**Q** 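Encoded as structure tokens, here's the structure I'll be asking about.
Because the structure is a prediction, the values reported are computed rather than measured.
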Amino acid sequence: EVHLVESGGGLVQAGGSLRLSCATSGFPFDDYAIGWFRQAPGKEREEVSCIRSSVSATFIAASVKGRFTISSDKTKNTVYLQMNSLKPEDTAVYYCAAGRRYCSDSSYWGQGTQVTVSS
């Protein structure tokens with residue numbers, strides 16, 4: 001059974017940092033693209049970052065480039081999103097997802113974790 005469980009969200013002041021974790025199980029971690037999406041009220045879902053360890057490939061959205069970093073730990077089947085210099089516009093529910101080829105084709109999704117950045 002496939003599971004993706006996000007953690008690490010919370011309330012932080014602008015300029016602060018958070019690290020999100022996505023613990024996965026039930027699928028071949030190294031063979032999937034795993035990453036992060038976010039969705040704020042009234043806005044479309046946005047792909048934030050993605051990693052595929054088997055081909056050493058990463059993606060990061062222009063909106064967070066230079067501030068967010070994605071990484072993975074194969075020993076724990078876990079993907080992380082380090083978020084620095086947070087802005088109020090980063091406020092959203094952040095979802096972890098996994099796809100066979102790309103994060104944009106994700107078929108497995110976590111339940112999400114709320115990130116709120118106050119000004």
**Q** Following the transitive rule for hydrophobic clusters with a side-chain heavy-atom cut-off under 4.5 Å over Ile, Leu, Val, Met, Phe, Trp and Tyr, establish whether Ile51 and Val2 coincide in one cluster.
**A**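 Yes, it is one cluster - the side chains of Ile51 and Val2 are joined through contacts under 4.5 Å.
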
**Q** Determine the minimum heavy-atom distance between Leu81 and Ser49, stating which atoms define it.
**A**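 Looking at all heavy atoms of both residues, the closest pair is CD1-CB, 4.1 Å.
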
**Q** What residues form a side chain to side chain donor-acceptor pair (under 3.5 Å) with Gln13, not counting sequence neighbours?
**A**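 Once residues adjacent in sequence are excluded, Gln13 has no partner under the side chain to side chain donor-acceptor pair (under 3.5 Å) criterion.
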
**Q** About how many Å separate OG of Ser7 and CZ of Arg19, when rounded to the nearest 0.5 Å?
**A**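 Rounded to the nearest 0.5 Å, the CZ-OG separation comes out at 8.5 Å.
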
**Q** First locate atom OG of Ser71, then atom CD of Gln82, and finally report the distance between them rounded to the nearest 0.5 Å.
**A**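 It is 8.0 Å, given to the nearest 0.5 Å.
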
**Q** To the closest 0.5 Å, what do you measure between CZ (Phe27) and CZ (Arg100)?
**A**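 One finds 11.0 Å between CZ of Phe27 and CZ of Arg100.
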
**Q** Keeping the roles fixed (side chain from Ser104, backbone from Tyr102), state whether a donor-acceptor pair exists under 3.5 Å.
**A**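 Judged by distance alone, no pair lies under 3.5 Å.
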
**Q** Output all residues satisfying ring-ring contact (aromatic ring centres under 6.0 Å, His included) with Phe37, sequence neighbours left out; order by chain, then residue number.
**A**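 By the ring-ring contact (aromatic ring centres under 6.0 Å, His included) rule, Phe37 matches Trp109.
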
**Q** Using side chain to side chain donor-acceptor pair (under 3.5 Å) as the criterion, list what pairs up with Tyr32, not counting sequence neighbours.
**A**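 Tyr32 satisfies side chain to side chain donor-acceptor pair (under 3.5 Å) with no other residue.
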
**Q** Going by heavy atoms in the side chains, are Trp36 and Tyr95 under 4.5 Å from each other?
**A**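 Not touching, per the 4.5 Å side-chain cut-off.
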
**Q** How long is the gap from CZ on Arg52 to CG on Asp31, to the nearest 0.5 Å?
**A**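 The CZ atom of Arg52 sits 7.0 Å away from the CG atom of Asp31.
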
**Q** Please report the interatomic distance OG1(Thr24) to CD(Glu6), rounded to the nearest 0.5 Å.
**A**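 The distance works out to 11.0 Å.
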
**Q** Could you tabulate the donor-acceptor pairs under 3.5 Å formed by side-chain atoms of residues 59-69, not counting sequence neighbours?
**A**
residue: Ser63; atom: OG; partner: Glu46; partner atom: OE2; Å: 2.6
residue: Arg67; atom: NH1; partner: Ser85; partner atom: O; Å: 3.0
residue: Arg67; atom: NH1; partner: Asp90; partner atom: OD2; Å: 2.7
residue: Arg67; atom: NH2; partner: Ser63; partner atom: O; Å: 3.1
residue: Arg67; atom: NH2; partner: Asp90; partner atom: OD1; Å: 3.1

**Q** Test of understanding: clusters of I, L, V, M, F, W, Y form through side-chain heavy atoms closer than 4.5 Å, transitively. Do Tyr108 and Tyr94 belong to the same one?
**A**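 Yes, Tyr108 and Tyr94 fall within the same hydrophobic cluster.
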
**Q** Determine which pairs satisfy disulfide (SG to SG under 2.5 Å) with at least one residue from residues 55-119, sequence neighbours left out, and list them in order.
**A**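 Listed once each, the pairs are Cys22-Cys96, Cys50-Cys103.
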
**Q** Can you sort out the partners of Thr75 under side chain to side chain donor-acceptor pair (under 3.5 Å), two or more places apart, ordered by chain and number?
**A**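 Listed in chain order: Asp73.
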
**Q** Indicate the atoms forming the closest heavy-atom contact of Gln114 with Ala92, along with that distance.
**A**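 Shortest heavy-atom separation between Gln114 and Ala92 comes out as NE2-O, 3.4 Å.
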
**Q** Atom CG in Asn77, atom CG in Asp30: separation rounded to 0.5 Å?
**A**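 Output value for this atom pair is 7.5 Å.
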
**Q** Could you tell me which non-hydrogen atom of Phe29 sits nearest to which non-hydrogen atom of Val79, and how far apart they are?
**A**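 It is CZ-CG2, 3.8 Å.
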
**Q** Yes or no on side-chain contact (heavy atoms from CB on, under 4.5 Å) for Leu18 and Met83, after CA distance, side-chain angles and deciding distance?
**A** CA-CA 5 Å; Leu18 287 172; Met83 306 187 296; 3.7 Å; yes

**Q** Taking the side chain as every heavy atom from C-beta outward, state whether Val115 and Thr91 have any pair of such atoms under 4.5 Å apart.
**A**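 No. Closest side-chain heavy atoms not under 4.5 Å.
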
**Q** Looking at every heavy atom in both Ser21 and Thr78, which two are closest together, and how far apart are they?
**A**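 Where Ser21 meets Thr78 most closely, the heavy atoms are CB-CG2, 4.4 Å.
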
**Q** Of the non-hydrogen atoms in Ala14 and Ser119, which two are nearest, and what is the gap between them?
**A**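 Result for this residue pair: CB-CA, 4.3 Å.
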
